[in-house]
Amino acid sequence: MSEIADRYDPTRVEPRWYAVWEERGYFHADAASPKKPYCIVIPPPNITGSLHLGHALNNTLQDILIRYKRMDGYNALWMPGTDHAGIATQYVVERQLEKEGKTKEDLGREAFVARVWKWKEESGGTIIRQLKRLGASCDWARERFTMDAGLSAAVREVFVRLWEEGLIYQGDYIVNWCPRCQTVLSDLEVEREEQDAEFVYIKYGPLTLGTVRPETKLGDTAVAVHPKDRRYRKYVGKTLEVPSVEGTITLRVVADEAVDPKFGTGVIKVTPGHDPTDFEIGRRHNLPVRSVIGFDGRMTELAGKYAGLDRFETRKRIVEDMKALGLIDRIEPYRHSVGVCYRCKTVVEPLVSKQWYVRTRPLAEPAIKAVRSGRIKIIPRAWNKTYFHWMENIRDWAISRQLWWGHRIPVWYCDRDGSMHVSRTDLTACPQCGGALRQDTDVLDTWFSSGLWPFSTLGWPEDTPELKVFYPTSVLSTGFDILFFWVARMVMLGLKFMGDVPFRHVYIHALIRDAEGQKMSKSKGNVVDPLHVMDKYGTDAFRFTLAALAAQGRDIRLAEERIEGYRNFANKIWNAARLVLTNLDGYDPALARRGTPSVADRWIRSRLTETTAQVRQGLDAYRFNDAASAIYQFLWHEYCDWYLEIAKRSLYQPESPAARAVTQRTLVEVLEATLRLLHPFMPFISEDLWQRLLPNGAAADPSTRSIMIAPFPKASRKGRDPEAERLMAPVLDVVSAIRTIRSESRISPAVELAATVRPASPEVAAALESSAGIIGALARAALTVAPDGARPAGSAMAATPSGDVFVRLEGVVDFDAERQRLRKEVEKARKEIAFLEARLGRPEFVERAPAEVVERERTRLAEQRETERKLAASLAALG
RNA sequence: GGACGAUUAGCUCAGUCGGCAGAGCACCGGCCUCACAUGCCGGGGGUCACUGGUUCAAGUCCAGUAUCGUCCACCA
C-alpha cells in the first residue's frame, strides 16, 4: 500500500488475479449447491479460432452476467467448450499438408483424422487461453469439446432417435457443392457474391433464351415457358429438335410457373442436374437428370467432347463453338450474384447427389410456439420476426458432409445382403447375415453437434444432476449471424430431446464494425485485434468499453478514442483508491461508528444506493451500456469530483478525530461497495484495489477473501436518504454558481472571493450555513448566508434553484465580462418566459394536460419571471 | 423482389410511459490546487433527415419520401 503507483498499470495487476481465482475454485459451480441456479453455455468457439472482437464482446457480456449472478448469490455456471468446426478445421490441416506437398488422400482417412486431432491438441487451445486473458470466469473443469466421448454419444443418440422416428431420411437432391472442399454445403453456408458475367442468348430451334451458364446446356433436358405466356403457348407439350454443339438434341417444352415471362425472352432452358430451380421443374414434369459437371468441377463423360474440361473453361469454349455454328443470338453484359463457399469462396456448383436430411417441419412447430408463448424471450424483441420468418419457411436440413473430420454418420451398409443399419454403437458385422460392413463415409454437419450443446454439455443422454439443476439454461448470448445456424437448431433439438426450451432468454448483441462502420474482415485488413487492445489499454478498459457500447439493436463502431477514455477511467479509479488508501492512517472503525455522518457522507451513500439500483436494472434488462454509464457517472462525477474533494477537508484539517474517522469510514465503505458494483465489468482492477482495502475494512470471513465471491451490492430502500440529497443540492448549486462566475468573469482561481447567498428557503439556509466550510473550500469563497439581505453592491449574480448567489467583484475584475454574462442570462430567461406564457396562454393546454404538468409549467414560469427580474436588477446595479 | 434497421451536437452514439434534448470524444477559456495533466474548473455548440397526420403537447405515435445499411429470396 505504501508504494502505490500514481498511474494504473494493468500489466502489473491483471496477470496476478486470474490464476488465484481459478486455483481457489471460484469458477466452479457445484450441482449439489442449494443456491438458485443460473447457467450460461458459451457459444463454443471453433478450435481454429483466435479471439476476435465478436468473441470479445460476447464473452465479456456473458462474463459480466455470470459474475453479477455469482456475486448475487446464485449457483452460477458458465459452461465452456470448443467446437470441432468440421470444414474449417479440415481446411486448416489440409493447407498444412499442402505446404508439405501432400494431400489428405496421401495420408488416408485414418491418418488424416489423427493428424487433425494432433493439430487440435497443439493449437486448438489458443482461443481458450485468450478467453482466460479476457477474464472469462468459465467453469473450466467442465470444459467440453463437440467431439469428445460424451458429446459424441449424444450425437449418436440423437441421430438414431430421429432416424427411428422417421425424421432423418436419405435422398437424392440438388445440393450446393463446393468442388474445392469436396463437400455439400447447407444453404446457410453459401454466401452471395456479385459478379460480372455474360448473358448469352442461345438459339434453341425456333426459340431463343438467355443464360449465364452456357456450359450447363449440355445437361438440358427441356425448355420451359410460363403457362400463361401466349407467345409460346403453341410450343408447350411439343418436342423440339434443336441443333446444338453436339449435333441435334431433343428437348421437351414444358409450362411452369417458375418461369418469369418478363425476364429475358421468357424462355428458360431446364437443367435439372445443375440448377435448383430447374431441379424442381424437372420433378414436376418428370424430366431426366443429366449430370454433365462432376464433383471435381470438371465436365463428365456425358459432356461428350468437353469431358474432363473445367466448368469455366467449358463455358468459354462452348460459346466459341456455338458462335461458329451460328447458334448465338447475342451476348449482353450482366451483373448477378453467384453462390460461393463461405469457407474458401469457390463458386458453388449445384449438383444432384445422395445426402442425409433432417425433416424440420415437425421440429420447427414447437420451436415457433416456444417463442410465441414467451417461454423463450428474445432480446431485443425485434429479432422475433426474423426468427419466425425463418422457422415458418424452414427447409429440410441437409446434415451430411463429405468430410473426414467430424462425427461420422452412424450408418453401416452390408454389401452381402444390401441391408442398412443405423446404430448407437459401432458395428463390425452385419446383424442380419454376419457379412462385412462399410460405414457411411460422410460426417455430420458441425451444427448437428453444437445444436445439442445446452444439454450434451450437461451430460445428456446420461441422467445427470447437472441436467436437473441447470437445464433449461438461463440465457444464451450470441450475435444474430448464427441465429439460424445455431440458436434455432438448439431450440428445436432441445424441445425434442429434453422436452423443454434450452434457455429462457436469448440475448442478441450488436455486431462490431470498425470506426468507419465497415464489417471487419481479414481481407479488408481492418481487423482490430482484441489482444493488441488489451496489451495497450488493459483488459478492464477494453471490457468496460465493450459493455458501454453494447446498446441494443445497433451496430457498434469501435473507435480507439473510446477505449482510451475508459483506460483513463481505470486510472481515475486507481487514483481515487490511492487517495483513500494513503489517508487511512490511524483509522479507527470503532471510533467512526460512534461519530455522526455528515450530510456529505449521507449524500454519497444515498447516491451509491441509487447507482446500485441503476446497475442492477441495467444488467437485469441486458442494458449493459446503462449499467456501465451509471457506474462511470457515479464514480467519476459524484464520488471523485464531489465527495473526495469534500472529504479532503476533514482528512487534512480535521475538526475532530471522530469527524476524520467518520469520513475515513465513508471513503472506504463507499469505495469498497463501488468496487463490487464494478467487478463484473472490470474484474482485475476491482479485485486488486479491493484486496488493498481489506485489511482496514472487512473481517476475516472466507467470503471476503475475494471480491469475486463477495456479495453484489443491494439497493435497499433504507440506503436512500432523500433528506441528505435535498440538503446537499444547495451546496452543489452554490459551489457551481460561484465557479461559473469566477470563470466567466475571468477571476483567477487563486483569488479568494466573498460570496453572499440569498437562500430560497429556510431549509436551504440551514443547509448552507452548516456546509459553509465545504463551500469555502470547493469554491474558494467566504460564504455569507443572508436570508433577507440586499444584493451587495458591485457584485456578480447567478440565480440557482437554491437561491441567488452574489460574488463581490470589486477589486478583482472589470465589470464588462459580468455585464455580458448577465445579458445572456437575461436573454435566456426571457425566451423561456415567452415560451411558457405561450403554452399556458392556450386554453386547450390548461384544460387537457394533466394537472401536475400544468402546475409544473406555472411554477417554472413564476421562477423564470423572478429570475429575470433579479438578473435585470443586478445588471442595472452594475451601471 | 420482400423484410428489418438507421438518420439526434463537429465525430461516435444514448434517449424505456408522448411532458424542460443528453453522454463521451473533439472544440473554446482558465488552472501543473499536496489522488490522478490518462487530471481539475468553466463554457459554446441542436430545424432531432424531409413532408404530412394524430394530440393540449411529438426526437418519441401514424402515413409517405429520401439516403445509408443489414438479412432473406429459385429471376435463368
Side-chain angles (χ1 to χ4, degrees), chain A residues 4 6-8 174 187 192 199 209-213 216 224 258-260 262-271 275-281 334 336 350 382-383 385-386 389-390 393 480-481 483-484 511 513 515 517 519 537 541 548-549 551-559 561-562 564-583 617 621 623 625-626 629 632-633 640-641 644-645 648 652 735-736 739-744 746-750 777-780 821 832 835-836 839 842-850 852-854 856-857 860:
Chain A
I4 174 166
D6 67 351
R7 274 200 189 184
Y8 173 55
I174 190 143
D187 289 342
R192 292 275 149 186
F199 203 56
L209 57 84
T211 179
V212 286
R213 302 200 56 200
T216 63
V259 183
D260 178 357
K262 290 191 284 294
F263 188 86
T265 59
V267 184
I268 62 166
K269 59 201 258 328
V270 183
T271 320
D275 185 277
T277 309
D278 294 7
F279 182 78
E280 295 300 327
I281 296 175
Y334 187 62
H336 69 148
W383 289 106
K385 219 168 171 170
T386 313
H389 183 260
W390 192 77
N393 297 286
F480 62 81
D481 46 334
L483 185 62
F484 307 136
L511 206 69
R513 297 168 178 281
K519 204 167 170 172
Y537 298 103
L549 291 173
Q552 291 183 7
R554 269 251 199 199
D555 293 342
I556 297 172
R557 295 188 189 207
L558 187 66
E561 299 83 60
R562 198 77 190 253
E564 200 178 307
Y566 292 119
R567 187 267 322 260
N568 296 350
F569 179 51
N571 188 57
K572 188 75 180 175
I573 300 164
W574 181 262
N575 274 290
R578 194 154 77 97
L579 174 71
V580 173
L581 289 165
T582 51
N583 284 287
Q617 269 169 34
R623 299 181 67 94
N625 55 323
D626 285 355
S629 74
Y632 183 92
Q633 170 67 27
C640 289
D641 286 353
L644 289 187
E645 294 306 319
K648 279 176 186 173
Y652 298 158
V735 169
S736 295
R739 283 171 172 172
T740 303
I741 290 171
R742 181 193 293 278
S743 186
E744 299 271 296
R746 309 192 180 285
I747 305 165
S748 155
L778 296 194
R780 251 182 183 268
R821 195 182 67 79
E832 193 67 17
F835 170 78
L836 289 166
R839 172 171 277 195
R842 283 206 323 279
E844 306 93 339
F845 173 72
V846 181
E847 283 157 25
R848 307 283 289 273
E852 75 260 24
V853 173
V854 176
R856 196 185 60 211
E857 299 295 61
R860 269 178 66 202

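In the text below, chain A, chain B and the rest are named by the order of the sequence lines, each starting its count at 1.
- Distances were taken from every side-chain heavy atom of K385(A) (C-beta onward) to each of G42(B), C56(B), A3(B); the shortest belongs to A3(B).
- When all heavy atoms of Y8(A) and N571(A) are compared, the closest pair comes out as N-OD1, 2.9 Å.
- Residue F845(A) contributes atom CZ, which lies 14 Å from atom C1' of A58(B) at whole-angstrom precision.
- In this structure, I281(A) CD1 and K269(A) NZ are separated by 11.0 Å, a value rounded to the nearest 0.5 Å.
- The heavy-atom pair separating T582(A) from L579(A) by the smallest distance is OG1-O, 3.2 Å.
- When heavy atoms are screened at a 4.0 angstrom cut-off, P843(A) is found touching no nucleic acid atom at all.
- As a whole-Å value, the separation of D641(A) CG from C40(B) P is 6 Å.
- Taking atom C1' in both A58(B) and A21(B), the straight-line distance is 13 Å, to the nearest Å.
- As judged by a 4.0 angstrom heavy-atom cut-off over every strand, R213(A) is placed among residues making no nucleic acid contact.
- Under the 6.0 Å cut-off for aromatic ring centres, Y537(A) and Y566(A) do not qualify, their centroids lying 6.0 Å or more apart.
- Of all nucleotides listed (C36(B), G42(B), A76(B)), A76(B) comes nearest to the side chain of D275(A).
- Under the 4.5 Å side-chain criterion, counting only non-hydrogen atoms from C-beta, D275(A) is not in contact with R213(A).
- If you check every strand for non-hydrogen atoms under 4.0 Å, R742(A) touches nothing.
- Taking atom C1' on both C61(B) and U54(B), the two are 8 Å apart, rounded to the nearest angstrom.
- Between R7(A) and the phosphate of U38(B), there is a side-chain N or O to OP1/OP2 separation shorter than 4.0 Å.
- Comparing atom distances between the V259(A) side chain and each of A76(B), U55(B), C40(B) picks out A76(B) as nearest.
- Comparing C56(B), G29(B), C36(B) by their closest approach to the side chain of R746(A) singles out G29(B).
- Counting non-hydrogen atoms under 4.0 angstrom, Y334(A) reaches the backbone sugars and phosphates but no base.
- Here D626(A) lies in heavy-atom contact (under 4.0 Å) with a base.
- Pairing for A76(B) is absent, judged as Watson-Crick or G-U wobble with the two contacts each under 3.5 Å.
- Here the nucleotide nearest the side chain of K648(A), chosen from U38(B), U55(B), A35(B), is A35(B).
- With a cut-off of 3.5 Å on both pairing distances, the Watson-Crick or G-U wobble partner of C4(B) is G69(B).
- Closest to the V853(A) side chain, of the nucleotides A35(B), G19(B), C25(B), is G19(B).
- Rounded to whole angstrom, the span from the CZ atom of F835(A) across to the P atom of C56(B) amounts to 17 Å.
- Separation of the C1' atoms belonging to G45(B) and C11(B) is 13 Å when rounded to the nearest angstrom.
- In this structure, of C20(B), U38(B), A76(B), it is U38(B) that holds the atom nearest to the side chain of N568(A).
- Shown here, A23(B) forms a base pair with U12(B); the pair counts as Watson-Crick or G-U wobble because both key distances fall under 3.5 Å.
- Atom CG in L644(A) sits about 13 Å away from atom C1' in C40(B), given to the nearest Å.
- For the pair R578(A)/N575(A), a side-chain contact is recorded, criterion being any heavy-atom separation below 4.5 Å from C-beta on.
- In this structure, CD of E280(A) is placed 14 Å from C1' of A73(B), rounded to the nearest angstrom.
- Listed nucleotides: A57(B), G42(B), C56(B). Nearest to the side chain of S736(A): G42(B).
- Residue E847(A) is classed as having no contact, given no heavy-atom separation below 4.0 Å to the nucleic acid.
- Distance check: N568(A) CG to W574(A) CH2 gives 15.5 Å after rounding to the nearest 0.5 Å.
- Taking atom CG of N393(A) as the reference point, atom P of A73(B) lies 9 Å away to the nearest angstrom.
- Going from the C1' atom of G44(B) to that of A3(B) covers 44 Å, rounded to whole Å.
- Listed candidates were A35(B), A76(B), C36(B). Nearest to the side chain of Y652(A) is A35(B).
- The partner of G44(B), taking Watson-Crick or G-U wobble pairs whose two distances both stay under 3.5 Å, does not exist in any strand shown.
- Of the P atoms belonging to A9(B) and A14(B), the separation is 12 Å, rounded to the nearest Å.
- Atoms CZ (R739(A)) and P (G42(B)) sit 5 Å apart, rounded to a whole Å.
- The base of A35(B) lies close enough to the side chain of E645(A) for a donor and an acceptor atom to sit less than 3.5 Å apart.
- Distances were taken from every side-chain heavy atom of H389(A) (C-beta onward) to each of C72(B), C25(B), C56(B); the shortest belongs to C72(B).
- When each of N583(A) and R842(A) is assigned the nucleotide of RNA chain B with its nearest heavy atom, N583(A) is the one assigned upstream, toward the 5' end.
- Glycosidic conformation of C17(B) is syn; the angle stays within 90° of 0.
- For the pair R578(A) and T211(A), both in contact range of RNA chain B, the more 5′-proximal nearest nucleotide belongs to R578(A).
- Proximity of S629(A) to the phosphate of G24(B): no side-chain N or O atom is located under 4.0 Å from OP1 or OP2.
- Across all strands shown, C32(B) forms no Watson-Crick or G-U wobble pair with both distances under 3.5 Å.
- Distance, H336(A) NE2 to C74(B) P: 15 Å, rounded to whole Å.
- For C36(B) and U7(B), the P atoms lie 42 Å apart once the distance is rounded to whole Å.
- Side-chain contact between N625(A) and L549(A) is absent, with no heavy atoms from C-beta onward closer than 4.5 Å.
- Nucleotide A63(B): paired with U51(B) (Watson-Crick or G-U wobble, both distances less than 3.5 Å).
- One C1' atom belongs to G24(B), the other to A35(B), and the distance between them is 23 Å to the nearest Å.
- Among the protein residues, G210(A) comes within range of the nucleic acid bases, having at least one heavy atom under 4.0 Å from a base atom.
- Taking the six-membered ring where tryptophan is involved, the planes of F199(A) and Y334(A) are tilted, since the angle between them lies from 30° to 60°.
- U47(B) and G43(B) have their C1' atoms separated by 24 Å, with the value rounded to a whole Å.
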